[in-house]
A.B. asks: 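Can you keep this structure in mind? I'll have questions shortly.
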2 protein chains.
Amino acid sequence: MGASKTDHFTDQQNQIAIIAKALGHPARIAIIEYLLKVNACICSDIVDELPLAQPTVSQHLKELKNAGLIKGNIEGNSICYCINEKTFDLLKEYFSKIIFTVTNQKCC
Amino acid sequence: MGASKTDHFTDQQNQIAIIAKALGHPARIAIIEYLLKVNACICSDIVDELPLAQPTVSQHLKELKNAGLIKGNIEGNSICYCINEKTFDLLKEYFSKIIFTVTNQKCC
DNA sequence: AAATAATATCGTAATATTGCGATATTAAAA
DNA sequence: TTTTAATATCGCAATATTACGATATTATTT
């Protein structure tokens, strides 16, 4: 196969997986970190920053946007991409909950 | 292509991406949540719990282990898999830092 | 020792991802 | 209005992931 059986999992499980998957590529992590560094941003800057061609960067940006990790605002003929804090909050909360649960249990 | 150019990114970027990628599948999220729920755990339980065949589950467990998200201790002829808190801490810290940085800047 | 149980590995088919050249699209600039 | 600049989309080749049946491995049980 190759396709994952998303129907069999809960909405939350699928949602977390989608977000995590979007972060599962070093180029996309680098994009996030660059957006943080420069605050406001246009895509052409990122193309110069990354060792990837423009269409590839554009594709990575699209995936980050689909996962809700970044927002894109059109500004003239360029686009201002920036971090969508809410999604990162969601992730942080999720991991905090996991850590809290693990800390209160002993195993292995 | 299909292979990502990991050489061009920092070690930390690659590390975060590897961990995130391992979490980028609902079955693996479900495994993590199940490990949390039952505290100690053997793999056959997970096979019963998930809508996936035993070899598939084994493969997902391997990926979680490779990414450092779970630890596996051999116990007789079964294996006790459990959460590796350290890696989740690392993730939480990483996201906390991102959120802190975003909160202190304004954009879009 | 043979049978059983739990898990891992191999091989392979189906599908997804990655990367990029070529080509659109769209808005500002000349 | 033509040119230029920024970005997106298409199409395709290379590679990776997902899933699982068949089979191997290893430890317990009988």
Side-chain angles (χ1 to χ4, degrees), chain A residues 1-9 13-14 17-18 20-31 34-35 38 40-67 70-82, chain B residues 1-9 13-14 17-31 34-35 38 40-67 70-82 108:
Chain A
M1 300 224 175
S4 55
K5 299 176 152 187
T6 48
D7 322 356
H8 300 293
F9 303 100
Q13 285 167 346
N14 282 317
I18 286 169
K21 192 175 187 177
L23 290 172
H25 192 292
R28 293 194 287 267
I29 294 291
I31 288 172
Y34 186 67
L35 284 175
V38 300
C41 182
I42 54 171
C43 179
S44 69
D45 289 350
I46 304 178
V47 172
D48 296 340
E49 189 80 1
L50 297 181
L52 296 167
Q54 182 267 321
T56 308
V57 172
S58 188
Q59 198 174 286
H60 283 307
L61 285 165
K62 195 180 174 185
E63 278 171 66
L64 286 170
K65 198 179 174 187
N66 285 343
I70 62 175
K71 294 179 282 190
N73 291 62
I74 296 169
E75 266 184 25
N77 70 338
S78 71
I79 290 195
C80 173
Y81 277 117
C82 55
Chain B
M1 299 224 177
S4 57
K5 300 177 151 187
T6 49
D7 322 356
H8 297 112
F9 302 100
Q13 285 167 346
N14 282 317
I18 286 169
I19 298 169
K21 192 176 187 177
L23 290 172
H25 192 292
R28 293 194 288 267
I29 294 291
I31 288 172
Y34 185 66
L35 285 176
V38 299
C41 181
I42 52 170
C43 180
S44 70
D45 288 352
I46 304 179
V47 173
D48 296 340
E49 189 80 2
L50 296 181
L52 296 167
Q54 181 268 321
T56 308
V57 173
S58 189
Q59 197 173 286
H60 283 307
L61 285 165
K62 194 179 175 185
E63 278 172 66
L64 287 170
K65 200 179 175 188
N66 285 343
I70 62 175
K71 294 179 282 191
N73 291 61
I74 295 169
E75 266 183 25
N77 70 338
S78 71
I79 290 197
C80 175
Y81 276 116
C82 56
C108 303

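In what follows, chains carry the letters A, B, and so on, assigned in the order in which the sequence lines appear, proteins first and then strands, with residues in each chain numbered from 1.
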A.B. asks: What distance separates L23(B) CG from Q13(A) CD, expressed to the nearest 0.5 Å?
C.D. replies: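 So the gap between those two atoms works out to 12.0 Å.
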
A.B. asks: Nearest to the side chain of E63(A), which nucleotide is it out of dT18(C), dG21(C), dT7(D)?
C.D. replies: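 Closest nucleotide to the E63(A) side chain: dT18(C).
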
A.B. asks: With T56(B) as reference, evaluate Q54(B), Q59(B), H60(B) under the side chain to side chain contact (heavy atoms under 4.5 Å, CB included) test and give the passing residue.
C.D. replies: H60(B)

A.B. asks: Does T56(B) put a side-chain nitrogen or oxygen below 4.0 Å from OP1 or OP2 of dC20(D)?
C.D. replies: yes

A.B. asks: Is there side-chain contact between L61(B) and I46(B), with at least one heavy-atom pair below 4.5 Å?
C.D. replies: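 In short, these two side chains touch, coming nearer than 4.5 Å.
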
A.B. asks: If I take atom CD1 in residue I79(A) and atom C1' in nucleotide dA28(C), what distance separates them, rounded to the nearest angstrom?
C.D. replies: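 These atoms are roughly 15 Å apart.
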
A.B. asks: In this structure, how many angstroms lie between the C1' atom of dG19(C) and the CG atom of L61(A), rounded?
C.D. replies: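 Atom CG in L61(A) sits about 14 Å away from atom C1' in dG19(C).
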
A.B. asks: Q59(A) side chain: which of dA22(C), dT18(C), dT7(C) is closest?
C.D. replies: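 The answer is dT18(C).
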
A.B. asks: Under 4.0 Å between a side-chain N/O of K21(B) and OP1 or OP2 of dT17(C), yes or no?
C.D. replies: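 Answer is no, no contact under 4.0 Å.
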
A.B. asks: Give the rounded distance in Å between these two atoms: CG of L50(A) and P of dA6(D).
C.D. replies: 16 Å

A.B. asks: For the side chain of Y81(B), counting heavy atoms from C-beta on, which of dA8(D), dA8(C), dC20(D) is nearest?
C.D. replies: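 Looking only at heavy atoms from C-beta outward on Y81(B), the closest nucleotide is dA8(C).
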
A.B. asks: Looking at every strand, decide which applies to S78(A) at a 4.0 Å heavy-atom threshold: base, sugar-phosphate, or nothing.
C.D. replies: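 Sugar-phosphate only.
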
A.B. asks: N66(B) has an atom CG; how far is it from atom P of dA16(D), in whole Å?
C.D. replies: 15 Å

A.B. asks: For the residue pair H25(B) and F9(A), does the interplanar ring angle fall in the parallel (under 30°), tilted (30 to 60°) or perpendicular (over 60°) class?
C.D. replies: perpendicular

A.B. asks: On the nucleotide dA8(C), are OP1 or OP2 found under 4.0 Å from the side-chain N or O atoms that S58(B) carries?
C.D. replies: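 Answer is yes, contact under 4.0 Å.
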
A.B. asks: Take the protein atom NE2 of H25(B) and the nucleotide atom C1' of dA19(D), then report the distance between them rounded to whole Å.
C.D. replies: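 Roughly 9 Å, once rounded to whole Å.
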
A.B. asks: Nearest to the P55(A) side chain among dA19(D), dT9(C), dG21(C), which nucleotide is it?
C.D. replies: dG21(C)

A.B. asks: Tell me the interatomic distance from D45(A), atom CG, to dA5(D), atom P, rounded to whole angstroms.
C.D. replies: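 Whole-Å distance recorded here is 15 Å.
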
A.B. asks: Does any N or O donor sit under 3.5 Å from an N or O acceptor when you compare the side chain of Q54(A) with the base of dA6(D)?
C.D. replies: no

A.B. asks: According to a strict under-4.0 Å criterion, is H60(B) in side-chain N/O contact with OP1 or OP2 of dA19(D)?
C.D. replies: yes

A.B. asks: Nearest 0.5 Å, please: how far is CG in D48(B) from CG in D45(B)?
C.D. replies: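 If I round to the nearest 0.5 Å, the distance is 6.5 Å.
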
A.B. asks: Just how far, in rounded Å, is P of dA19(D) from NE2 of H8(A)?
C.D. replies: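 Result: 10 Å.
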
A.B. asks: Please report the distance, rounded to the nearest Å, between CD1 in I46(B) and C1' in dA8(C).
C.D. replies: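 In whole Å, dA8(C) C1' lies 14 Å from I46(B) CD1.
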
A.B. asks: Output the single nucleotide from dT9(D), dT9(C), dT18(D) whose closest atom is nearest the side chain of K62(A).
C.D. replies: dT9(D)

A.B. asks: Would you mind telling me which of dC20(C), dT7(D), dC20(D) lies closest to the side-chain atoms of I42(A)?
C.D. replies: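 Out of dC20(C), dT7(D), dC20(D), the nucleotide with an atom closest to I42(A)'s side chain is dT7(D).
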
